[in-house]
Structure formats: C-alpha cells, structure tokens
Visitor: 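Can you read through this structure? Questions will come right after.
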Protein chains: 2
Amino acid sequence: MEKSALQKERAAYQPKLPKALNGAVKVKEGAPTQSVDNQEEIKNLFPNTYGMPVVEFVESDEPNNKRINVGVILSGGQAPGGHNVITGLFDQIKKLNPENRLYGFILGPNGLVEHDYMELTKEIVDDYRNTGGFDMIGSGRTKLEEEEQFEKGLEILRELDIKALVIIGGDDSNTNACVLAEYYAAKNCGVQVIGCPKTIDGDLKNEQIETSFGFDTATKTYSELIGNIERDCNSARKYWHFIKVMGRSASHIALECALQCQPNVCIISEEVEKNDMTLNQIVDNLCQVIAFRASQGNHFGTVIVPEGLIEFIPAIGRLIQELNDLLAAHGAEYKDLDADAQREYIIAHLSKENAATFETLPADVARQLSLDRDPHGNVQVSLIETEKLLSDMCAAKLEKWKAEGKFVGNFAAQHHFFGYEGRCAAPSNFDADYCYALGTSAAQLIANGKTGYMAIVKNTTRPAEEWVAGGVPITMMMNMERRNGKMKPVIRKALVDLDGNPFKTFVGCRDRWAKETCYVYPGPIQYWGPSEVCDQPTKTLALEHVK
Amino acid sequence: MEKSALQKERAAYQPKLPKALNGAVKVKEGAPTQSVDNQEEIKNLFPNTYGMPVVEFVESDEPNNKRINVGVILSGGQAPGGHNVITGLFDQIKKLNPENRLYGFILGPNGLVEHDYMELTKEIVDDYRNTGGFDMIGSGRTKLEEEEQFEKGLEILRELDIKALVIIGGDDSNTNACVLAEYYAAKNCGVQVIGCPKTIDGDLKNEQIETSFGFDTATKTYSELIGNIERDCNSARKYWHFIKVMGRSASHIALECALQCQPNVCIISEEVEKNDMTLNQIVDNLCQVIAFRASQGNHFGTVIVPEGLIEFIPAIGRLIQELNDLLAAHGAEYKDLDADAQREYIIAHLSKENAATFETLPADVARQLSLDRDPHGNVQVSLIETEKLLSDMCAAKLEKWKAEGKFVGNFAAQHHFFGYEGRCAAPSNFDADYCYALGTSAAQLIANGKTGYMAIVKNTTRPAEEWVAGGVPITMMMNMERRNGKMKPVIRKALVDLDGNPFKTFVGCRDRWAKETCYVYPGPIQYWGPSEVCDQPTKTLALEHVK
C-alpha cells in the first residue's frame with residue numbers, strides 16, 4: 001500500500017495519554033446516578049444497568065492481568081479518530097494480557113449479526129495509527145434493536161470467546177449499545193458492552209461528555225476551507241459565498257466554523273426554530289446585511305448555512321408534515337397530474353397557513369417538495385440545496401429592492417457544501433489523543449468488569465496529561481422521546497444551547513462581523529510546530545469551559 | 001485585525017532564498033534569444049525587446065545602490081504566494097536603497113489606468129508575509145492592451161516617479177506586460193516592465209519557467225480534500241465521488257491531484273482532444289471501470305474531472321461553435337419559441353453531425369446550451385456542471401447495462417467542485433520560498449536595468465539554496481495565435497504534454513488504480529515538521545525533472 005509522506009511520518013506519532021492511564025488503574029466510584037428525565041420508565045427498562053455510579057480511573061500499584069477477548073464495531077458516519085479508539089483499545093488489552101485478542105466486526109453492526117469479522121493483529125492495527133477514516137473494518141448504519149440480532153450476535157461472540165464488545169457511535173448507536181448491555185446482563189450472557197462517543201456533528205455531549213470525537217478535526221478542516229474562501233472573497237471582492245456545512249440535527253459545526261472564521265453571516269438552526277422565523281425572514285435578514293455592505297462599497301461576503309436549516313424552520317416543518325400526510329393519503333389521484341396541476345392540487349388541499357408557505361417557495365423547491373419522495377413516502381428534505389435556495393431568494397429580493405432604490409450594486413453568488421471533505425480527515429493532535437484515551441478507557445472499563453458504560457475523558461481543555469478518564473453509565477444520559485410514533489428511551493441529543501457561552505459569544509460579535517470584514521484564516525491542521533497552532537481545542541469547547 | 005494562531009506563527013517565517021540572491025548580484029548574460037515561433041513577426045512587433053539574452057544572477061562583491069521607485073500590479077485570478085512576490089520585491093528594493101518606494105496599484109491593472117494606488121510601507125507589507133490571497137492590494141481582470149491605457153498609466157507613474165513596474169499574472173498578463181514594456185521602450189519613457197509567472201492552473205511554463213507559482217499550494221490543498229474523500233469513499237463503500245477541479249484550459253491540476261491521490265479515474269482533457277473522443281465514449285470508459293469494480297464487490301470509487309473537459313471534446317466543441325453562429329444569426333425568431341419548439345428548431349437547423357451530438361446530450365444540458373448565453377451571445381459552457389453531467393450519463397448507461405446483465409449492483413454518486421478552496425490558501429513552504437525568490441529576482445532585474453523580462457527561478461526540485469535565479473525575455477516565449485479572429489503575439493500556453501513524464505507515469509498506473517483501490521492520502525499542507533512532509537515540490541515538477 002503506497003503512502004504519502006505525511007501518512008508515513010504521522011504513523012510514528014505516539015498519542016498523549018491522561019497521566020492515570022499510563023499504567024495500572026483502579027476505579028474510583030461516585031454516587032449512584034439517575035437518568036436525566038423519566039427516571040421511572042428508564043429504570044424499568046434497564047433494571048440491570050440503571051443507577052450505576054460514574055467512575056474515574058486513578059493510578060494504582062496493583063497490576064490487572066485480565067484475560068479477555070474483545071470485539072469492536074464502528075457504527076454510523078465516519079469521524080476522524082475512529083482508528084485511534086481501536087488502537088488505544090488494542091494497546092491496552094494487550095498490555096493487560098498479551099493473550100487477549102481484539103476482533104473487528106466488518107461494515108458496522110451488521111458484521112456482528114452476519115458474523116463477518118476479522119482479528120485485528122498488531123500488523124493491521126499499526127497500519128492505521130493516527131489515520132482518518134473507518135476503513136480498517138468499515139462502518140455501517142444497521143441498527144441493533146431486535147432480540148434476534150442480539151442472539152445472532154451472541155453466537156459469534158461465544159464462538160470467538162468474546163466477553164466484551166465496544167461500540168463506537170453516535171447517540172442512537174450508544175442508546176442501542178445500552179439496550180444490548182441490558183439484554184446480555186439480563187440473560188447473564190457474560191458479555192459486557194461499552195460505548196464510545198463519536199460524531200463530527202458534536203451533538204453527543206452533556207454534563208458527562210465534553211465533546212464527541214471527530215468534531216475537532218472536521219470543524220478545523222471546514223474552517224481551513226472557509227478561511228481560504230473568505231480570503232478569496234476579500235481579494236476578488238465580487239462574490240457572496242454561501243457555504244453549507246454538515247449537521248442535520250444541530251448547528252454546532254456551523255457555530256464552531258463561525259467562531260473560527262468570523263464570516264459575515266452564520267445561520268443557527270436552533271435560533272431560527274426558537275424565534276419561529278420564516279424562510280422569508282431569514283432571507284430578509286440576509287438581504288439587510290448584503291445591502292448594508294453594498295452601501296459601503298463591499299459587494300462580497302461569506303455566509304455559513306447549517307445543513308439541517310430547512311427542517312428547523314417551523315413553518316416549513318409544518319408544511320412538510322402536512323405534505324407527507326396529504327401525499328400519503330392522496331398519492332394515487334395526485335401522481336398522474338402534470339406539474340402545474342400538481343401545484344394547484346397541493347395548494348387546494350393544504351391548510352391555509354401551509355398553502356401560504358408553499359406559495360412563497362421558489363418554483364424548483366416547491367417542485368422538489370411535491371415530487372421527490374423517499375421510499376417511505378416522505379419528502380426528501382436533504383435534496384434541497386439550501387445554500388442555492390437562499391442565494392436565489394436573496395437575488396430575487398435584492399432585485400426588487402434595487403427597483404425600490406433600497407439596494408445599490410451587484411449581487412453574485414458562489415456555492416459550496418462541505419461534509420465528506422472533513423469526515424475522514426486524518427485526526428488532529430486533539431482527536432488523535434482524545435480517541436486513543438477513549439479506547440484506553442474502554443479497555444479499562446472492560447478490565448474492571450463494567451457494562452452499559454460509555455468511555456469518557458474530561459478536563460480536555462487542559463494538556464492531555466491532566467485529562468481525567470473514566471466511564472459514565474449510559475442510562476444516566478437517557479430520557480424518553482417519541483421516535484416513529486413510539487416512546488423510546490434515548491440519549492438526549494445536544495442542540496446548540498442558546499444560553500450557552502459559544503452561542504452568546506457569537507451573538508456578541510455577529511453585528512460587527514456582518515458590517516465590517518473581520519475574517520480570520522485558520523489554515524490547515526498542523527501536526528508539528530508551535531503548540532498554540534497544533535494543540536488547541538475547538539473554540540466551542542474552550543468557551544464552554546469558561547465559567 | 002484578529003488573526004489565527006497559524007497566521008501569527010507563520011508571519012515569522014523567513015523564506016529561503018537561492019544562495020546568489022542573499023547579497024549583491026551581477027548579471028551573467030546568455031546568447032541572444034529567438035521567439036519559440038513566428039520569429040519575423042514577433043521581432044517586428046517588439047523591435048526594442050526582442051532577442052535579448054536570458055540572464056542569471058550570480059554573487060558579486062560590488063553593491064548596487066540603485067535609487068528607484070517601483071509599482072506592482074496583481075493581475076487575474078488569485079494564486080497562493082502573490083503576497084510573497086510583493087514582500088520579496090519590497091525587501092530587495094529597500095535593501096538596494098532605503099529611499100526606494102514601492103507602490104501597489106489597487107484591484108489589478110485598472111488601478112494603474114484609474115490612478116488608484118497605495119504606498120506599500122513596511123507596516124503594511126509585514127502584515128501579509130507568507131499569507132494567501134491577493135487582498136493586500138486586490139486583483140482584477142482588466143487587460144492592458146490599448147495605448148490610451150498605457151498613456152493614462154504613464155501619467156501616474158511620472159507623478160509618483162515610478163521607473164519600473166512589476167506585473168504579476170498569467171500568460172495573457174505577461175504578454176501584455178511585454179507589450180507595455182515595448183511601448184514604454186519605444187517611446188523612451190524610462191519605465192521598465194517586469195513580469196512574474198502566476199497561475200494555479202500550471203499552464204504558464206516552458207523551457208525557461210519551471211512552474212507558475214500557486215500551482216504547488218492549490219494542488220496540495222485539493223489533494224488534501226480528494227484524499228479525505230477517498231478515505232470516506234473507502235470507509236463507507238457505497239458512493240462514487242465525482243470531483244471537478246479548476247483548470248479551464250489545461251488539466252495540469254487534475255493530473256497532479258491524480259498523481260498525489262491515485263483515484264480510480266482521472267480524465268485528462270488534452271488526451272480526450274487528441275483522441276477525438278466523444279462524450280459518449282468518455283462515459284462508456286467510466287462505466288467499464290464502475291462495472292468492473294462492481295463485479296469485484298466494490299460499489300465505490302473516485303473520479304477526477306478537469307473543469308475544462310467539455311470544451312476539449314472535439315464533437316462538443318464543433319457543436320458549440322455552430323450553435324453560437326446559429327443563435328447569433330437566428331436569435332430573434334428563436335427566442336420566443338417554447339422549450340420543445342426550440343429543441344426542434346435547433347436540431348432542424350444544425351448540420352447532421354452536430355445535430356446528432358446535440359441529441360445525445362441529457363435534456364438539461366441540451367437546454368443549457370440552447371438557452372443560457374453570455375452577454376456576447378455565446379453559450380455559457382462554464383455553467384455546465386460537468387461532474388453531474390458525467391454521473392447522470394453513467395447512471396443512465398449503467399441502468400441499461402443492468403437490464404442487459406452487464407452490470408450488477410448499485411451506482412450512487414456524490415459531487416464536488418474544488419476551486420475557490422485552494423486559490424487563496426496560505427502558501428506552502430515551496431510557494432512561499434519560490435514567490436519570495438521571484439520578487440527578489442524582479443527587484444534585481446530592475447536594479448540591472450532590464451525591461452520586457454520575466455523573473456524566473458530554476459532548479460526548483462533541489463533545496464532552495466541551490467535554486468538559480470534570473471530573468472527571461474518575454475518575447476522568447478511568444479508565438480502568433482488567433483484571438484477573437486485576429487493574429488496576436490502571445491505566450492504559448494502549456495497544455496499537458498502527452499509525451500511528458502508526468503502524463504506517462506499516470507498512464508503507466510491508471511489501469512491498476514481503476515481496478516484496485518490504491519488511494520493515497522496526502523493530508524493537509526504542513527509548515528513545520530519533517531522536510532519530507534513540508535518541503536516536497538509537486539509530483540509534476542519532480543517527474544518533469546527526471547531525465
């Protein structure tokens with residue numbers, strides 16, 4: 001396998017560990033815990049894994065030589081650092097006992113169910129140290145939810161003498177890890193299940209989890225590109241760049257990139273929802289900024305748009321809801337109509353409020369909402385190119401304003417969408433260290449007999465040796481939420497906190513950023529060189545830690 | 001102005017210079033030169049600047065204290081390192097004589113004509129050392145071609161006592177720099193004009209110019225992203241990523257990214273043209289690779305597409321030519337027809353061959369060609385999203401093959417276009433050094449009384465201290481070409497040489513890259529750390545230097 005110069009040199013990097021994780025550890029247990037809400041329901045659903053204490057690893061003189069085989073699964077979308085969780089896990093279980101074996105299940109949870117696996121030897125693991133991607137064993141989106149899956153999994157676990165399973169995933173995957181832990185505990189299968197917090201979206205965090213891995217590297221990669229575009233914008237002085245960034249459910253990525261790059265505008269979905277803003281109001285706000293800058297002779301700017309925006313606009317959410325119901329009920333009589341007739345049909349059948357929203361949408365977006373549906377019959381919101389939708393609507397409004405004398409100048413737009421560009425970047429020093437520590441913690445949770453825990457590392461704005469590693473019972477982070485019509489126990493998703501320090505900091509600056517040109521150019525992630533450049537956490541994390 | 005940690009640390013970087021440029025220099029002159037073709041015509045057009053020798057700077061003991069004010073212009077699209085040309089120029093003219101002044105003309109050549117300028121003081125220049133972008137003085141696309149412009153320019157040059165002008169630009173801008181040099185020389189204005197080779201596209205190179213600045217950084221930035229996408233592709237194993245990269249006239253960027261990242265397919269426009277390939281043949285080749293990989297269970301891949309592809313497909317070129325003529329002649333009777341009637345009209349009026357090509361195009365592309373035209377009435381080829389066009393056509397063909405049993409599996413595509421992401425990246429060590437050396441050379445050409453020269457630096461695959469700096473008469477690189485119907489003297493553009501080592505190396509590997517998965521992940525540009533990682537030239541340059 002041919003490798004780039006960076007791959008070769010980076011392979012030699014030895015991730016930094018929290019002081020306590022360098023040698024043998026013992027467990028310091030806290031008080032019993034409760035779930036964040038719906039305590040009775042969660043307790044009833046998880047009788048064997050509820051109420052356990054948060055644990056912290058502290059240095060110990062007593063070596064633990066636990067003999068145990070471990071399985072590992074990567075679940076869901078890629079995030080930088082996943083391989084380092086596995087290498088941390090591998091190194092630690094081999095340190096416990098050289099006879100311990102690590103098995104990787106192929107292409108996600110499905111590998112467990114279908115008995116598709118490989119043993120991860122030193123040779124394989126060494127090839128992936130500090131690399132991006134999930135290609136060591138692949139990932140997948142199969143959800144572990146059914147008893148039949150758990151039993152199929154148990155067969156292969158028994159065959160390979162695997163007594164502990166580490167599931168690396170987002171909020172849903174960790175919820176399912178806990179369900180699996182509870183199932184195996186209830187049936188006395190002797191299989192521990194440990195989760196690890198992964199997602200570039202940054203929406204798996206709470207009192208116990210400071211950040212999910214991958215967020216640091218992905219946002220730094222996007223910020224590099226946004227900074228480059230800002231510099232182009234500021235040099236050519238003739239385009240408005242509309243930049244969409246990944247993040248369907250939360251706007252953490254958009255917010256972090258804004259704090260890094262100081263664009264002229266950044267839209268935060270959670271704020272749009274809270275203020276019940278319409279698409280038209282969002283466009284109006286954008287046009288105000290564009291017109292003001294034009295009045296100063298600045299016919300350029302940069303706008304960051306979160307991927308999930310459309311679904312957060314309450315009026316559009318209500319429209320989509322009704323459209324889904326309407327087209328499901330009347331699909332047959334509707335589908336043979338021609339385009340114009342379909343439009344009329346929809347407007348005639350929608351409630352007055354939703355029909356009005358529908359009529360404000362540009363023709364091609366309305367068409368997308370009324371035509372393209374996924375296999376479940378739902379409108380495919382993700383197909384809407386929000387960045388183009390916004391700039392088209394701005395262009396139309398500015399044209400009107402121009403006629404009214406409220407806008408002087410030209411408006412020309414360029415569009416970008418960054419997602420795949422950052423999900424598999426080589427992990428930053430932060431993510432390389434953080435993930436290696438998470439993997440090491442997971443191994444220690446296993447060695448100490450824990451199940452239904454997620455590995456955690458705290459104090460992460462300090463140097464790595466001061467980090468504090470341990471585990472948190474997954475039930476502690478759960479509440480009951482409606483999913484597909486049923487109430488389910490789930491880990492509460494962390495949206496952008498509108499009362500939190502990162503958002504408030506942004507709000508304190510954004511008027512100045514809109515009017516002036518305050519671009520900051522973060523540049524590419526650096527692995528060597530001054531610590532100021534190489535080892536900084538995200539702005540989000542740093543601001544959250546300011547008390 | 002707020003700055004990122006990288007900006008702050010990188011400001012302190014002192015670019016490395018060729019040994020000879022560290023102190024005083026003298027000029028070593030070669031033999032008289034000739035233009036690459038059409039020697040008589042070029043000589044007649046440039047009687048004062050034709051035939052001059054190539055010059056090289058060598059160390060000298062005699063200091064030169066030349067007292068001279070200099071103007072500088074950034075022309076055309078941004079390229080990483082432009083600011084370092086200016087800082088190199090600034091440092092060197094101040095070293096010659098602290099009273100020398102440097103003036104920057106604002107927003108490109110137009111600043112000279114419109115007398116829009118600023119003095120570049122140490123304070124200003126220091127703020128831009130080793131930064132990307134052209135925002136220090138801005139750039140623009142005004143062409144300096146008319147006597148009236150030259151005279152207007154002369155007014156401000158005289159007012160500011162500027163005796164030398166440095167024009168930083170691509171092939172056209174350097175051609176115009178030479179026309180200006182000749183004009184001022186013919187009229188004995190006492191103004192020298194010096195060019196500098198800039199363009200991320202890499203198509204300004206020849207026997208004398210090893211590479212244009214910006215190509216190194218831009219291709220490394222795109223390669224970082226392409227590598228990240230390849231890793232995602234290889235982890236998720238479910239998408240074909242079609243990645244378009246900038247480069248309207250030449251495919252150097254696509255080729256360099258392919259050599260860096262080893263994708264499954266990279267299309268080279270120059271090869272398409274030479275082999276008179278049709279769009280359908282290109283799609284067929286792609287589908288062969290997709291179907292082969294699918295037969296191996298690999299339903300994923302990466303394809304690099306050069307921005308200019310469409311215009312290089314001979315059949316499409318002929319179609320566009322005829323369409324432009326047809327719609328110009330019959331625009332009036334055509335424009336009020338509805339879409340279907342327009343299509344019929346076009347097919348009826350085109351020659352048989354071009355009508356056949358038109359009919360093979362997907363509906364929306366045909367529509368784009370027949371509808372959207374620029375202010376000059378020309379078809380807007382650049383609006384065609386080639387990456388989507390190709391994947392749409394592949395999807396349609398694979399659907400057919402599936403029905404015929406020639407393709408088994410799924411084909412799903414993602415699309416990317418990288419251009420603005422790399423034009424203003426902070427320069428790599430190579431571009432930072434190379435540009436600083438070019439600026440220093442430009443100052444020394446001025447100090448030695450040269451005009452109509454381009455600053456050059458050779459031997460660039462060796463460490464910077466071994467680089468050789470000098471100047472080449474611009475006329476030497478010229479020939480006569482038809483532009484807008486007239487024969488004009490121009491610098492010959494360097495397309496990808498199909499007999500050259502970079503392309504042949506690619507050809508030697510591409511079958512293996514198509515069938516196997518040989519992705520290489522270059523990672524982000526590094527400024528500190530191992531020299532292997534930080535200081536490598538492009539693969540293109542390295543391969544061109546292998547004899």
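For the numbers below, each heavy atom of this structure counts, side chains included, while hydrogens, waters and symmetry mates do not. Throughout, a chain's letter reflects where its sequence line sits, starting with A, and its residues are numbered from 1.
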Visitor: Counting only heavy atoms closer than 4.5 Å, note whether B:Gln78 contacts chain A via side chain, backbone, both or neither.
Guide: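 Side chain only.
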
Visitor: Which bit of A:Glu224 is near chain B, if near means a heavy-atom gap under 4.5 Å: side chain, backbone, both or neither?
Guide: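 Contact with chain B is through the side chain of A:Glu224 alone.
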
Visitor: Enter the distance from B:Tyr420:OH to A:Gln414:CD here, rounded to the nearest 0.5 Å.
Guide: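 Result: 3.5 Å between the selected atoms.
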
Visitor: Please classify the contact of A:Arg141 with chain B as side chain, backbone, both or neither, using a heavy-atom distance under 4.5 Å.
Guide: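 The side chain, not the backbone.
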
Visitor: Distance check, rounded to the nearest 0.5 Å: B:His83 atom NE2 versus A:Ser235 atom OG?
Guide: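 With rounding to 0.5 Å, NE2 (B:His83) is 6.0 Å from OG (A:Ser235).
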
Visitor: Shorter than 4.5 Å, heavy atoms on both sides: which option in A:Arg237, A:Met136, A:Gln262, A:Glu230 has the most such pairs with chain B?
Guide: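 The answer is A:Gln262.
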
Visitor: In terms of heavy-atom proximity below 4.5 Å to chain A, should B:Gln260 be classed as side chain, backbone, both, or neither?
Guide: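 Interface part for B:Gln260: neither.
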
Visitor: Counting N and O atoms only, with roles assigned by atom type, does the side chain of A:Arg231 sit under 3.5 Å from a partner on the main chain of B:Gly132, one being a donor and the other an acceptor?
Guide: yes

Visitor: Using a 6.0 Å cut-off, check whether atom CG of A:Asp364 has over 12 heavy atoms from anything other than its own residue.
Guide: yes

Visitor: Could you look at A:Glu516 and say if it's the side chain, the backbone, both or neither that has a heavy atom under 4.5 Å from chain B?
Guide: neither

Visitor: Donor-acceptor check, side chain of B:Glu2 to backbone of A:Val520, threshold 3.5 angstrom: yes or no?
Guide: no

Visitor: What residue in B:His241, B:Lys238, B:Lys3 has the most heavy-atom pairs under 4.5 Å with chain A?
Guide: B:His241

Visitor: Once you round to the nearest 0.5 Å, how far does CG of A:Asn234 lie from CZ of B:Phe134?
Guide: 13.5 Å

Visitor: Using a cut-off of under 4.5 Å for heavy-atom pairs, which of B:Asp232, B:Val533, B:Leu225 has the most such pairs with chain A?
Guide: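 Option with the top pair count is B:Asp232.
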
Visitor: Heavy-atom distance under 4.5 Å to chain B: side chain of A:Lys8, backbone, both or neither?
Guide: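 For A:Lys8, no heavy atom lies under 4.5 Å from chain B.
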
Visitor: Hey, is the main chain of A:Ile525 close enough, under 3.5 Å, to the side chain of B:Gln526 for a donor-acceptor pair?
Guide: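 Side chain of B:Gln526 to backbone of A:Ile525, a donor-acceptor pair under 3.5 Å: yes, one is there.
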
Visitor: Which bit of B:Phe417 is near chain A, if near means a heavy-atom gap under 4.5 Å: side chain, backbone, both or neither?
Guide: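 Nothing of B:Phe417, per the 4.5 Å heavy-atom cut-off to chain A.
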
Visitor: Hey, which of B:Gly523, B:Gly138, B:Pro530 has the most heavy atom pairs under 4.5 Å with chain A?
Guide: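 Winner by heavy-atom pair count: B:Pro530.
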
Visitor: Side chain, backbone, both or neither: which part of A:His415 has a heavy atom under 4.5 Å from chain B?
Guide: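 Nothing of A:His415, per the 4.5 Å heavy-atom cut-off to chain B.
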
Visitor: Rounded to the nearest 0.5 Å, what's the gap from CD on A:Glu532 to OG on B:Ser4? Could you check?
Guide: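 Spacing of CD (A:Glu532) from OG (B:Ser4) equals 11.0 Å.
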
Visitor: Using atom types as modelled and distance alone, determine if a side-chain donor or acceptor of A:Asn228 lies under 3.5 Å from a backbone N or O of B:Glu421.
Guide: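 Yes, A:Asn228 side chain to B:Glu421 backbone: donor-acceptor pair under 3.5 Å.
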
Visitor: Counting only non-hydrogen atoms closer than 4.5 Å, does B:Thr221 touch chain A with its backbone (N, CA, C, O), its side chain (CB onward), both, or neither?
Guide: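 Just the side chain, heavy atoms under 4.5 Å.
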
Visitor: Nearest 0.5 Å please: distance from the CG atom of B:Leu6 over to the NZ atom of A:Lys220.
Guide: 12.0 Å

Visitor: Within a reach of under 6.0 Å around CG of B:Asn410, are more than 12 heavy atoms found that belong to other residues, nucleotides or ligands?
Guide: no

Visitor: To the nearest 0.5 Å, how far apart are SG in B:Cys534 and CH2 in A:Trp528?
Guide: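 Here the interatomic distance stands at 7.0 Å.
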
Visitor: Need one label for A:Tyr527: side chain, backbone, both or neither, based on atoms under 4.5 Å from any heavy atom in chain B.
Guide: both

Visitor: Out of A:Ile226, A:Ile137, A:Ile229, which one racks up the most heavy-atom pairs below 4.5 Å with chain B?
Guide: A:Ile229

Visitor: Would you mind checking which part of A:Leu74 comes under 4.5 Å of any heavy atom in chain B, side chain (CB onward), backbone (N, CA, C, O), both or neither?
Guide: neither

